[in-house]
Amino acid sequence: MAGSGPSHVEQHVGQGAGGFGRDAPAQYMPYASGIMKHMDRFHMVGHSPYPLYDQHYHQPVEHFGNLYAPRGYSGVHGAPGAHVSNPYTMGTSYQSHMLRQQAKPFSIPRLYGNDSSYRKDHVDSEPQAVEDVSVKRRKPWSRMERIYKTLDEEDAKRQAHTAFACDLTIDGLSPEEDGLLPPGSNHGLYAYVRNLVLNEWRKDVSSYLWKEDAVSMFGTKEMKAYAVAAWTFLDSLGYINFGVSDAIQDMVKTAKEDKGSVIVIGAGCAGLSAARQLRKKGYKVIVLEGRNRPGGRVHTERMSGPPGSKKEAMTDLGGSILTGIDGNPLAVVCKQMKLPLHEIKSADVPIYLSSGQVADPDLDARVEGVYNKLLTQCDKLRSYVDWTSHMSLNDALETFWESEKRTLRLKTDEEHRLARQLFDWHLANLEFANASLLKDCSLMHWDQDDPHELPGAHCFAPGCNGQWIGKLCQDLPIFYDTIVEKVKRFSDGVRIYTKNKKVFCADAVILTVPLGVLKRDKIAFDPPLSARKKGAIQRIGFGNLNKTIMFFDTPFWDTRYDIFGHINDHQAVRGENFMLYSYAGISGGAQLTALCSGNAAEEHEKRSVAENATKMLDLLRKIFEPQGVTVPPPYHVICTKWGTDPLVHGAYSSMPVGSIGGDDYDILGESIGGRVFFAGEATNRKFPATMHGAFYTGLWTAANIDAIFSERARSRKPLATMDELHLHASKRQKRNVYTQKMTPEEEASLKNARLHMAFNDPAYPPDDTIGNGQLRAIHGEPNSLFNGYSLLCISLHGRADPAYLVLPKASFEAAKKNPDNSSDIIKEIVGQLPDEFTGPQSTIISEFVNSILLKRRSDPKRQTPALLLKQIEQHIH
């Protein structure tokens, strides 16, 4: 990251006194609020144990009652009083819609089974059908419901739902498992085994589930083999055995450092999850953070009462809501910390007009019905791709509104005005969900992540999110105030150059910096990024969102509601303080947070704290003083300014007009040369713009690095002779104990198809040809078992099917030098080869083809979980 400076400003407004108060708040790291009894120390003190690095890391902390707060900072990281902060990711593209209409969540597992003790005030029952009352354009539950009908046992339903909540296919292979099993495998049986293994760990997330324990759950040889594959997949990609439990923490702290070294840039959700996974797997890891605190766009701050007062409250300046806690990895972390979650109460919440009156419930309901209908019409409109591909969501909604508003049967000008204001409130809500102006949102792609929305309630973490951020930092070496300016890639590693003239070297690097930093080219890359990567960076949107946060003496609002809405008079500022969150029950004090979206988020940053505070107080007084309630001056005010924060330049990602959909997220997430990796919410097509989405990418990127490095380690010594190749292929064939038996005809057909795929993939043309393509060759990889050999495809006159053979590469080169006599040379060589090296059914040829196709699936440019295939195959075999 690059740059420095504050991303929010704050003010103490005392009783009868104004002006800017303290020089700097308690900062640097998040800490627990007073309502939490204890919190572990989450920073180490001393020198780095890594001889490669010569810098101190982490700050000392000192104990204040039940809180841990940092001492005044000094040393290599920065000067006392330095204060920088980050913006936030607020939730999924649909988080905002929960205010008015929320689909009833499935109620079976919070994390596993009926663990109602995990979240207060919630009692689990049978799975509920989801009523289609939300603004989602598809119901992701429909497949789940169909499969539920085929499951009789309650345990099977729980197991299926847990897999569903983790966005895994319930009764077959998920996209992430593509290529995991050999042909002929029983995908349904594998999925059943995988669901059982997943649930076994989710029963007790404080434990570590070892592979041997997973295998011992099953009795048959086939199911044990599937258990090995399932455990390897789930453990590698972080579906199990992750988080902050004592068992995991011991591995993070004590794991050997013999598998390679990795630098992680950024100590946010993605960076911390990646660093912990890599440490657990045995890598040497350091984290470079441009700020003087961890968390990235998740930032918890303390708000204080008058001088000498013990009043205080915690607040989230950035990401605040855990969206969909069933299967959410951050909900797992909270459960490991025994941190109860507070389900946001969003039913029948009031929405206030600018006059302070509650909006007419009947008109409110009718406008909301039209709004949801318009979203459905927008969905249908997308089928006309030729003329809607470059249309904005705003254009479509406004066009449909003009035709549909007549169905409201509005009689007076006042009703027309109020209906439009209510409609604008929903549009402000939509701009909040996308952190973008609707005129910039792509009609085609704005909600491409909808099918992957996690089920379950939306929740706050009492004491705010800094608690689990702090726990994720534990035992990780983090270098604060270390702004990265350049990433240089070599064939055997990377070098990282920082603003404070430090150079760090490692085998690989993970960049988790916000998209806004990449958009402004604040990090130089050598070699430069490809046009493909730069295109994705520019196409993905990265908009703004801001908060005004106030801390009062006591709550004067109805604390039965966690949220209430506010309608503005003018369309241009429809997002100004349009939604308010009550933190009174979770922050330790009387605190209100107002959101500013769309144009209002930009205007918010142009005003002073006093001006923003005045606007918020004016609306609160219009709402509550007619009810006979006095609205006092706040003790403390904080205003965020994420758009001008030089370490972020925005809030979270979106799909603007001109984007190509989820593929843009994939392209941004592609690694470069197996050395430079990218993670963060803007690299996750399934869960962009979410805290859990960023966390997931850290787990997945760690798995990708481990697969690539493990492959390199296994491929260093090629087999030397044809006899060894033959022996190796024979052993591989005998080890296929977990596949279903194929007929000879099916096996021959499969081998022919794989040969055709190897030589006719347009993305991977043959390495050499002789003549007019009559003889084509693919050479063995330098570090593979087939180093020094070539696979030939020979098209013969008068024969429909080509001939195949494996021969030494030197023999092929000799034929290539004499093209006129190449056929005679090849025939002479073939006559000397044993049958095992010729013909499509040859075991040697099958193994050669397998190595080719595996290499292509494992292309590091693709950065997909298929890179795990060889590692998993080794465990299975």
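Since the model is a prediction, treat every value here as computed from it, not as a measurement. Heavy-atom basis, side chains included; hydrogens, waters and symmetry copies ignored.
Using a 4.5 Å heavy-atom cutoff, the side chains of I523 and V513 are in contact. Considering only heavy atoms from C-beta on, I496 stays 4.5 Å or farther from L511 through its side chain. Residues V509 and R675 form no side-chain contact, since every pair of their non-hydrogen atoms from C-beta on lies 4.5 Å or further apart. With contacts defined as side-chain heavy-atom distances shorter than 4.5 Å, the pair N241/L209 qualifies. Proximity of C334 to Q467: side-chain heavy atoms (C-beta onward) are nowhere separated by under 4.5 Å. Between D507 and F709 there is a side-chain heavy-atom pair separated by less than 4.5 Å. Taking the side chain as every heavy atom from C-beta outward, H187 and T169 never approach each other to under 4.5 Å. Counting only heavy atoms from C-beta outward, the side chains of Q474 and V244 never approach each other to under 4.5 Å.
Residues F677 and A508 share a closest heavy-atom pair of CE1-CB, 4.0 Å. The shortest heavy-atom contact between I478 and A267 is CG2-CB, 4.3 Å. Contact detail for L339 and A461: the closest heavy-atom pair is CD2-CB, 4.2 Å. For the residue pair Y190 and L180, the shortest heavy atom distance occurs at OH-CD2, 3.0 Å. When all heavy atoms are compared, the tightest approach of L341 to A331 is CD1-CB, 4.3 Å. When all heavy atoms of A536 and I667 are compared, the pair lying nearest together is CB-CG2, 3.7 Å.
No side-chain donor-acceptor contact under 3.5 Å links S710 to the backbone of I708. Without hydrogens or angle criteria, N199 side chain to Q159 main chain gives a donor-acceptor distance under 3.5 Å. At least one donor-acceptor pair closer than 3.5 Å links the side chain of S273 to the backbone N or O of C269. Checking side-chain atoms of T482 against main-chain N and O of G290 turns up no donor-acceptor pair under 3.5 Å. With K224 contributing its side chain and F218 its backbone, the two residues share a donor-acceptor pair below 3.5 Å. No donor-acceptor distance shorter than 3.5 angstrom exists from the side chain of S236 to the backbone of F233, with no hydrogens or angles considered. Looking only at distances, no side-chain donor or acceptor of T701 sits under 3.5 Å from a matching main-chain atom of G698. Proximity of a side-chain donor or acceptor of N465 to a complementary backbone N or O of G319 within less than 3.5 Å is detected.
For D526, there are no side chain to side chain donor-acceptor pair (under 3.5 Å) partners, not counting sequence neighbours. Scanning for salt bridge (charged side-chain N to carboxylate O under 4.0 Å, His left out) contacts around R194 gives E177, with sequence neighbours left out. Residues meeting the side-chain contact (heavy atoms from CB on, under 4.5 Å) test with T512, sequence neighbours left out: V264, A270, I510, A679. Contacts of R685 classified as salt bridge (charged side-chain N to carboxylate O under 4.0 Å, His left out), with partners at least two apart in sequence or in another chain: D663, D666. Qualifying ring-ring contact (aromatic ring centres under 6.0 Å, His included) partners for Y665, counting only residues two or more places apart in sequence or in other chains: none. Under the rule for a side chain to side chain donor-acceptor pair (under 3.5 Å), S245 has no partner lying at least two apart in sequence or in another chain. For Y208, the ring-ring contact (aromatic ring centres under 6.0 Å, His included) criterion is met by W210, not counting sequence neighbours. Here F848 pairs with F786 under the ring-ring contact (aromatic ring centres under 6.0 Å, His included) rule; sequence neighbours left out. Contacts of D167 classified as side-chain contact (heavy atoms from CB on, under 4.5 Å), with partners at least two apart in sequence or in another chain: H452, K686, F687. Applying the side-chain contact (heavy atoms from CB on, under 4.5 Å) criterion to S491, with sequence neighbours excluded, gives no partner residue. The side chain to side chain donor-acceptor pair (under 3.5 Å) check on Q336 picks up nothing, with sequence neighbours excluded. For the side chain to side chain donor-acceptor pair (under 3.5 Å) test, residues two or more places apart in sequence or in another chain that qualify with S206 are D204.
If you look at F695 and W700, their ring centroids are not closer than 6.0 Å.
Interatomic distance, S530 OG to I672 CD1, rounded to the nearest 0.5 Å: 6.5 Å. Interatomic distance, L330 CG to W468 CH2, rounded to the nearest 0.5 Å: 4.5 Å. Rounding to the nearest 0.5 Å gives a distance of 6.5 Å between CG of L668 and CG of L515. Rounded to the nearest 0.5 Å, atoms OG1 (T690) and CG (N328) are 8.0 Å apart. Considering CG of L234 and CD of E176, their distance stands at 11.0 Å, rounded to 0.5 Å. Separating the CG atom in D475 from the CE atom in M251 is a distance of 13.5 Å, to the nearest 0.5 Å.
Ring geometry for F504 versus F479: interplanar angle over 60°, hence perpendicular rather than tilted (30 to 60°). Between Y239 and Y696, the ring-plane angle classifies as tilted under the 30° and 60° cut-offs.
Of the N and O atoms on the side chains of E781 and N787, not one donor lies less than 3.5 Å from an acceptor on the other residue. Remark: the T697 side chain and the N684 side chain contain no N/O donor-acceptor pair separated by less than 3.5 Å. A donor-acceptor contact closer than 3.5 angstrom links the side chains of R276 and Q249.
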Any chance you could lay out the side-chain contact (heavy atoms from CB on, under 4.5 Å) test for D235 and K211, step after step, and finish with the verdict?
-> CA-CA 9 Å; D235 180 74; K211 179 171 63 177; over 6 Å; no
Using the side-chain contact (heavy atoms from CB on, under 4.5 Å) rule, take L196 and L198 through it: C-alpha gap first, then chi angles, then the decisive distance, then the call.
-> CA-CA 5 Å; L196 283 173; L198 175 63; over 6 Å; no
Start with the C-alpha gap between V333 and K471, add the side-chain angles, then the distance that decides, and say whether side-chain contact (heavy atoms from CB on, under 4.5 Å) holds.
-> CA-CA 9 Å; V333 172; K471 195 68 173 177; 5.7 Å; no
Intermediate values then yes/no, side-chain contact (heavy atoms from CB on, under 4.5 Å), E257 and R279 = CA-CA 8 Å; E257 299 169 351; R279 278 294 302 119; 3.5 Å; yes
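Cation-pi geometry between K486 and Y497 is met: under 6.0 angstrom from the ring centre, within 45 degrees of the axis. Annotation: cation-pi pair K533/F678 present, NZ/CZ under 6.0 Å from the ring centroid and within 45° of its normal.
The existence of a salt bridge linking K280 and D706 is excluded, since no basic side-chain nitrogen approaches an acidic carboxylate oxygen closer than 4.0 Å. A salt bridge links E681 with R297: the closest approach of a Lys/Arg side-chain nitrogen to an acidic carboxylate oxygen falls below 4.0 angstrom.
More than 12 heavy atoms of other residues, nucleotides or ligands shown are found within 6.0 angstrom of CZ on R489.
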